[in-house]
Amino acid sequence: MKLAKAYDPNQYEPNIYAMWEEGGAFEPTGVGEPFSIVMPPPNANGNLHMGHALTVNLEDIMARYYRMRGRDVIYIPGADHAGFETWVVYDKILEGQGRNRFDFTREQLYSQVWNFVEQQRGNMELQLRALGVSASWKHLVFTLDKKVIDTVYKTFKKLWDEGLIYRGERIVNYSTKYQTSYADIEVDHKLEKGTLWNIAYPTYDKIGEIIIATTRPETLFGDTAVAVHPDDERYKDLIGTRVLLPLTGREIPIIADEFVDPTFGTGAVKVTPAHDPNDFEMSQRHNLEKIQVIDFDGKMINVPSQFAGLTVDVARKRTLAALEAEELLRGETTIEHSVGYDYKSGLPIQPLIKDQWFLKISTLAKRAKEAIEKNEITFTPESRKRILVQYLDNLRDWNLSRQIPWGIPIPAFQNVDDSNDWIFDERVDEKTISVNGKKYQREEDTLDTWFSSGQWPFITTDAMTNGPLSRFYPNSVMETGVDILDRWVARMIMLGLYNTGKVPFKHVYLHGLILDEKGQKMSKSKGNVVNPMETIAKYGSDALRLGVIANRSAGQNQAFGIDKVMAGRNFCNKLWNIARFAEDRLGSGYRNVIAKPMTIADHWIIRELNNSISDIEKKIESYRFAEASDTIYHTIWDSVADWYIEASKLQDNPTMLAWVMDTILKLAHPFAPFVTETIWQTIPANNKLLISSKWPVKATYDEIAAAEFGRLIKLVDEARYVIADLPGNVRYDLLYQNDSLIADNRLLIQRLAKLKSVQMVDQARGLRLAASGREAWLDISTKTLDEHQTKLEARLKDINALIKSFEARLANDTYVKKAPAELVEETRTQLEQKKAHAERLVNELKILK
RNA sequence: GGGCGCUUAGCUCAGUUGGCUAGAGCGCCUGCUUUACACGCAGGAGGUCGGGGGUUCGAGCCCCUCAGCGCCCACCA
């Protein structure tokens with residue numbers, strides 16, 4: 001097969017992928033030490049974005065690398081029903097149809113969304129294939145698969161039986177837009193300026209008054225007390241008395257509670273148990289009534305008729321106006337406070353009282369913390385470990401209930417005759433069940449998605465049932481975004497330890513966000529999203545992979561630059577052209593890939609590639625992917641293409657060229673899987689797939705020969721550098737005396753340095769190549785030499801500066817004594833070399849004078 | 001109120017336990033129809049590593065401090 005001049009990725013990628021998949025290359029071999037990565041499941045219903053591209057590319061690099069290293073690798077793909085996220089999308093569709101969720105039953109909605117997701121699914125999986133993931137499709141898990149639900153229910157039951165799950169009336173973060181409660185973490189807190197109003201509450205005898213301070217006057221209808229600090233002298237006499245709640249005339253008590261900060265506002269605070277978490281807690285302590293005045297749709301209830309049905313904003317204005325009319329406003333101040341917003345709709349979150357299912361978190365969190373502190377799980381970057389521990393320390397009980405139909409139903413039923421009698425039962429498809437002659441009604445809420453995705457590592461590997469994949473639990477690495485460290489990683493650790501007694505994974509690698517070119521977060525609303533599929537169509541999948549991982553360090557947010565992708569595309573083309581060169585030289589019959597070095601270039605390239613092999617191993621294994629990729633790029637481009645290939649044009653050694661090809665294709669494969677496999681397939685001797693072949697091993701070489709070629713490079717470099725400075729575009733003769741390196745490689749040096757000739761002379765003349773220190777001169781005229789004089793002087797100045805700094809270092813006794821002997825020795829050698837170089841330059845300049 | 005991160009070439013960023021004569025990609029400048037590649041070849045310019053102080057033989061890296069930018073967590077009305 002004759003390779004085209006330029007690599008066209010789109011022509012090959014789909015076929016290559018199909019070849020891998022059909023060849024079973026993604027399946028674990030069952031041989032070797034297990035290595036496992038579970039993909040954070042992308043939303044089944046959406047398109048992939050750049051963040052996904054980064055995630056799966058990093059994961060796939062590890063999967064391919066360890067597979068080639070002989071490990072028993074599984075990379076398990078997934079698809080997420082993305083409960084609330086998907087629900088928001090579907091809710092919009094309903095809205096567009098002029099309907100809402102209350103027009104349907106839970107079953108109807110569930111099956112509608114199921115169908116909707118069904119239509120979209122597959123799309124995401126095709127996109128993952130385009131990204132080149134070597135994932136085991138056979139083992140793909142969808143977050144609503146039966147085995148997921150079964151395991152989740154088992155976990156729920158276990159927690160229930162052990163008393164860790166309870167139902168309680170609590171203040172929850174409520175989205176009035178989507179009519180569901182949120183976890184604490186789903187609330188966006190924004191620091192903003194607000195008004196603190198002082199409002200007078202008349203004493204019961206209407207003679208005095210107590211002034212409270214509040215940012216939410218509209219909730220006063222739900223007040224059931226006024227609280228002051230027990231030690232506050234100002235209010236001491238009022239404690240235990242009653243005040244009249246403005247606009248209603250209802251009598252409420254003045255209570256004393258340590259919670260109140262006497263220095264804030266007026267030192268007196270209204271207590272609204274149904275709409276404020278602190279007030280709720282006070283109400284528990286003081287046995288206060290809870291009156292809900294904001295309904296789940298965000299409108300006022302249980303208030304005087306002129307306020308009923310108003311939205312919160314309008315109610316606030318009217319309440320203030322009414323208070324004003326009654327002359328109860330006592331001024332206002334501006335304060336900065338944090339307000340919770342719905343992370344989806346951007347509307348304020350209403351703290352509301354609701355019966356919800358909670359998971360007691362403290363024992364789970366404590367265990368997770370211990371495992372992390374004992375380094376049973378390690379982190380890249382390491383600094384995130386502390387953040388996670390801190391998070392676990394402050395975690396409160398987890399609200400598991402969501403009032404959305406798209407999710408896993410909570411398997412709980414309530415006795416219709418005894419509201420306190422709840423039982424666990426998995427028959428969630430039935431509205432009512434009867435147990436022991438009693439009738440039970442099902443819970444209509446669903447579980448928070450993170451409750452099920454928090455169990456992902458042991459669900460996907462069937463660790464609970466000891467299935468064939470259970471050897472892959474704990475997972476080797478969990479790779480995901482820093483942004484879901486607490487909401488996902490923390491929960492996987494807690495639930496993993498709880499359920500299996502083992503950590504769910506041994507290492508956590510966290511990548512940063514991909515920002516747009518200006519450093520802004522990519523988002524649909526800003527319209528700055530770069531679609532990875534478009535990038536692939538334009539530059540190829542490998543180019544995207546190389547571009548997206550380039551120059552990126554763990555945990556660090558970084559802008560996406562198309563120039564890196566273009567560099568990746570160019571690299572693939574370089575690789576392609578190296579292959580074309582090899583094809584020319586080797587024809588189609590070579591199969592011997594045992595390195596048999598003959599020339600000094602051969603020895604040198606073995607040394608270079610040997611170094612790269614260990615370097616890349618070290619970097620991948622320590623999660624420094626960008627550095628590993630950079631090493632491959634420069635090894636192949638600089639060492640192989642620019643030096644070795646150029647050298648082998650004159651001194652060819654087919655077995656070596658074959659070995660070099662073999663080695664670089666393997667080294668580059670995890671980072672550019674498509675182009676390397678494409679090339680591999682053009683080599684007839686390779687009847688196997690590259691993806692399934694073994695990682696390259698080092699070859700033996702002669703150090704002296706390798707060093708010789710190193711010196712040749714130095715000479716050529718200097719010749720090129722000097723010639724580039726000389727005027728015009730002239731080819732010069734290189735003269736030498738008594739120099740076997742030059743004598744043995746005359747033609748090679750001539751070609752590489754673009755010289756007219758390389759000749760041995762008795763009498764030297766022209767310009768000595770002073771830096772490389774060889775007995776070599778460029779044969780240039782005195783006139784040209786003269787013109788070159790200032791350049792020489794500038795170089796001499798630089799070298800003298802270096803000499804001075806080396807000398808100063810060596811003159812320093814403590815340096816010589818304290819620095820490692822090796823380093824001191826190196827400094828001495830460098831000094832000698834620079835001195836010799838300077839001396840040669842001085843001689844050149846003398847000749848000119 | 002706590003916590004974290006960033007500040008290195010014109011731009012986007014690397015830089016592992018301190019050894020640096022500070023790197024990459026892109027951009028820029030000068031040459032090149034060299035028979036694998038212009039998605040290329042050869043050469044080059046460009047940095048007081050945010051400011052100040054300290055530790056050390058030696059600091060981009062460690063410590064203190066100041067400034068600017070960004071992020072996360074937190075139930076103070």
Side-chain angles (χ1 to χ4, degrees), chain A residues 3 5-7 171 173 184-185 189 196 212-216 227 259-261 264-266 268-272 276-281 335 337-338 340 351 381 383-384 386-387 390-391 394 396 482-483 485-486 512-513 517 519 539 543 547 550-553 555-564 566-585 618-619 622 624 626-627 630 633-634 641-642 645-646 649 717 720-721 723-725 728-729 751-754 798 801-802 805-806 809 812-820 822-824 826-827 830 834:
Chain A
L3 299 181
K5 193 168 171 182
Y7 174 59
I171 292 280
N173 310 301
D184 292 338
I185 205 155
H189 292 275
L196 186 67
I212 59 92
T214 183
T215 54
R216 302 206 56 188
F259 165 78
V260 180
D261 174 2
F264 186 90
T266 59
V269 59
K270 63 198 268 308
V271 181
T272 321
D276 183 281
N278 295 311
D279 294 2
F280 179 85
E281 278 169 27
I335 57 158
H337 64 149
S338 109
S383 59
R384 292 285 158 177
R386 258 187 60 209
I387 296 172
Q390 211 173 303
Y391 173 78
N394 298 314
R396 297 187 305 151
V482 262
D483 51 324
L485 176 67
D486 357 278
L513 260 56
E517 264 158 338
Y539 301 102
N551 245 337
R552 183 179 289 278
S553 58
Q556 217 54 54
N557 294 351
Q558 200 198 107
F560 174 77
I562 197 72
D563 55 348
K564 299 270 167 51
M566 285 166 74
R569 189 255 333 243
N570 295 353
F571 174 74
C572 293
N573 192 242
K574 193 72 186 177
L575 213 43
W576 184 256
N577 275 287
I578 292 171
R580 288 181 67 216
F581 175 81
E583 188 186 41
D584 275 358
R585 298 291 156 144
K618 212 170 73 192
K619 282 168 177 165
S622 52
R624 303 204 304 266
E627 288 178 63
D630 189 63
Y633 180 98
H634 288 286
D642 291 346
I645 298 279
E646 288 308 317
K649 283 177 180 172
D717 271 344
R720 284 172 174 172
Y721 172 80
I723 292 167
D725 265 352
N729 182 21
R751 184 189 166 90
L752 292 175
K754 287 181 75 177
D798 290 347
L802 262 181
S805 90
F806 288 143
R809 211 176 292 173
N812 185 340
D813 267 0
T814 28
Y815 173 71
V816 178
K817 258 191 275 172
K818 287 195 178 176
E822 251 177 43
L823 198 71
V824 177
E826 198 186 315
T827 310
Q830 281 177 328
K834 290 297 161 193

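Reminder, nothing fancy here: chain letters follow the sequence lines and each chain counts from 1. Fair warning: this is a prediction, and the values are worked out from it, not measured in the lab.
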Just to verify, what does A:A550 make a side-chain contact (heavy atoms from CB on, under 4.5 Å) with, not counting sequence neighbours? A:K564
What is the distance from [atom1] of [X] to [atom2] of [N], rounded to the nearest Å?
X	N	atom1	atom2	answer
A:F560	B:U12	CZ	P	15 Å
A:N394	B:G2	CG	C1'	9 Å
A:I562	B:C39	CD1	P	16 Å
A:N577	B:U34	CG	P	16 Å

Distance check, [atom1] atoms only: [N] and [M], in whole angstrom units.
N	M	atom1	value
B:U17	B:C26	C1'	33 Å
B:G18	B:G27	P	37 Å
B:G58	B:U65	P	23 Å
B:C64	B:C41	P	47 Å
B:U56	B:G3	P	29 Å
B:C61	B:G52	P	13 Å
B:U7	B:C66	C1'	14 Å
B:G44	B:G50	P	27 Å

Listed nucleotide nearest any side-chain atom of [X], set [options]:
X	options	value
A:A6	B:A36, B:C39, B:U21	B:C39
A:K574	B:C41, B:U21, B:G25	B:C41
A:F581	B:A42, B:A36, B:C32	B:A36
A:Y721	B:C57, B:G43, B:C32	B:G43
A:R384	B:C4, B:C32, B:C13	B:C4
A:I578	B:A36, B:U12, B:U34	B:A36
A:L802	B:U21, B:G25, B:C37	B:U21

Regarding [X], tell me which of base, sugar-phosphate or nothing describes its non-hydrogen contacts under 4.0 Å with the strands shown.
X	answer
A:D717	sugar-phosphate
A:F571	nothing
A:R720	sugar-phosphate
A:D261	base
A:F259	base
A:I645	base
A:D642	sugar-phosphate
A:R216	nothing

I'd like to know if A:K649 reaches the base of B:U34 with its side chain, counting only an N/O donor and acceptor under 3.5 Å. no
Let's test your reading of the model: under 3.5 Å, does the base of B:U34 pair with the side chain of A:E646 as donor and acceptor? no
Generate the contact string for nucleotides 14-20 of chain B. Rules: B means base contact, S means sugar-phosphate contact only, - means no protein heavy atom under 4.0 Å. SSB--B-
Would you kindly compare A:H189 and A:Y7 by the position of their nearest RNA chain B nucleotide and give the one closer to the 5′ end? A:Y7
Stems with RNA chain B, 3 or more Watson-Crick or G-U pairs in a row (under 3.5 Å), are B:1-7 with B:67-73, B:10-13 with B:23-26, B:28-32 with B:40-44, B:50-54 with B:62-66
Parallel, tilted or perpendicular: rings of A:Y633 and A:F571 (30°, 60°): parallel
